[in-house]
Amino acid sequence: MSARPEPQSAGSRTRPARTTRLSRDAIVNAALTFLDREGWDALTINALAGQLGTKGPSLYNHVHSLEDLRRTVRMRVIDDIIGMLNTVGQGRTRDDAVVTMASAYRSYAHHHPGRYSAFTRMPFGGDDPEYSAATKAAAGPVISVLASYGMEGEDAFYAALEFWSALHGFVLLEMTGVMDDLDTDAVFTDMVLRLAAGMEKR
């Protein structure tokens, strides 16, 4: 016969799990995770507070408003994408760099759909000069690669915009199921090689 468990004293009863220690960084990190699971439209102060095990008003000690949180999240996503593209493109040139960066961009969108939605959500800059500058800086890694084709200045910027437009359009079609019956890997590779060939001719 097994012994009965010892009764717990008041001081030894199981306590509720501690909530995440709040800080601006902790809140932004939680928001990024929330985005990938629930989506951009579901991101509210109260919904995020529930994920963090606290109440909405507690978050206002660290973020001014929902708009402040969303702006900060979008700036963070832009920084992450720029860092990712710089990393995968490092030491690569021309077609090798274009194919590698395009694949990394597509992979990011698939692995982080909520963050990608935040990155591409309009309005893109509006009356926020810092945010407008950040979005334009996102073209930097591609412009650096285009230099290996001999493109620079305005030509490189517009070519980078064309490159991003093609990738974004493909990713959106893929993520919404429009191309479910196709070999999207093959189509994507062919598209990127055509883009690279166009840059070579220019």
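This one's a predicted model, so the numbers in the text were calculated from it and none came from an experiment. Note that the numbering runs from 1 along the sequence shown for the chain.
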Review point. Does the ring pair (Phe, Tyr, Trp, His ring centres under 6.0 Å) test come out yes or no for His112 and Tyr116, once each step is laid out?
Key: CA-CA 6 Å; His112 301 293; Tyr116 186 74; over 10 Å; no
Review point. What distance separates Arg71 CZ from Ser65 OG, expressed to the nearest 0.5 Å?
Key: 10.5 Å
Check your understanding: With distance as the sole test, does Arg74 use its side chain to make a donor-acceptor pair with the main-chain N or O of Leu69 at under 3.5 Å?
Key -> no
**Study point:** Heavy-atom check, side chain of Leu43 versus side chain of Arg70, under 4.5 Å
**Key:** yes
Review point. Does NZ or CZ of Arg106 lie under 6.0 Å from the centre of the six-membered ring of Phe188, at an angle within 45° of the ring axis?
Key: yes
Practice item. Using side-chain contact (heavy atoms from CB on, under 4.5 Å) as the criterion, point out the one residue from Leu48, Val73, Ile27, Thr72 that pairs with Val63. Key: Ile27
Check your understanding: What pair of heavy atoms forms the shortest contact from Asn46 to Gly56, and how long is it?
Key -> OD1-CA, 3.5 Å
Point to revise | Donor-acceptor pair between Tyr149 and Asp95 side chains, under 3.5 angstrom | key: yes
Review point. Under 4.5 Å between any side-chain heavy atoms of Arg24 and Asp68, yes or no?
Key: yes
Review point. Between the side chain of Thr93 and the main-chain N/O of Ser148, is any donor-acceptor distance below 3.5 Å?
Key: no
Practice item. Using the test side-chain contact (heavy atoms from CB on, under 4.5 Å), find all partners of Ser23 that sit at least two apart in sequence or belong to another chain. Key: Asp25, Ala26
Practice item. Taking atom CG of Asp183 as the centre, report whether more than 12 heavy atoms of other residues, nucleotides or ligands fall under 6.0 Å from it. Key: yes
**Study point:** Chi angles and distances behind the side-chain contact (heavy atoms from CB on, under 4.5 Å) call for Arg37, Gln51
**Key:** CA-CA 11 Å; Arg37 187 177 66 249; Gln51 175 178 293; 2.5 Å; yes
Practice item. Identify the residue among Val145, Thr100, Val99 that makes a side-chain contact (heavy atoms from CB on, under 4.5 Å) with Arg92. Key: Thr100
Point to revise | Partner residues of Arg76 under the salt bridge (charged side-chain N to carboxylate O under 4.0 Å, His left out) criterion, sequence neighbours left out | key: Asp80
Point to revise | Any Tyr105 side-chain heavy atom under 4.5 Å of Val88 side chain | key: no
Revision key, fill the gap. Smallest heavy-atom separation, Met175 atom then His110 atom, equals CG-CE1, 4.1 Å
Review point. Between His168 and Trp164, what is the ring plane arrangement, given parallel below 30°, perpendicular above 60°, and tilted in between?
Key: parallel
**Study point:** N/O donor-acceptor pair under 3.5 Å between Asp155 side chain and Met151 backbone
**Key:** no
Exercise for review: Would you check if the side chain of Ser58 reaches a backbone N or O of Thr54 as a donor-acceptor pair within less than 3.5 Å?
Suggested key: no
Point to revise | Side chain proximity check, Leu167 to Val192, heavy atoms < 4.5 angstrom | key: yes
Review point. When you measure from the side chain of Thr87 to the backbone N and O of Gly83, does any donor-acceptor pair fall under 3.5 Å?
Key: yes
Check your understanding: Does CZ in Arg194 sit with more than 12 non-hydrogen atoms of other residues, nucleotides or ligands closer than 6.0 Å?
Key -> no
Exercise for review: Check the pair Met101 / Asp96 against side-chain contact (heavy atoms from CB on, under 4.5 Å), numbers first and verdict last.
Suggested key: CA-CA 9 Å; Met101 293 173 76; Asp96 178 38; over 6 Å; no
Practice item. Using the ring of Trp40 (Phe, Tyr or Trp, six-membered ring only), decide whether Arg115 places NZ or CZ under 6.0 Å from its centre and within 45 degrees of its axis. Key: no
Practice item. Taking the side chain as every heavy atom from C-beta outward, state whether Leu35 and Ser117 have any pair of such atoms under 4.5 Å apart. Key: no
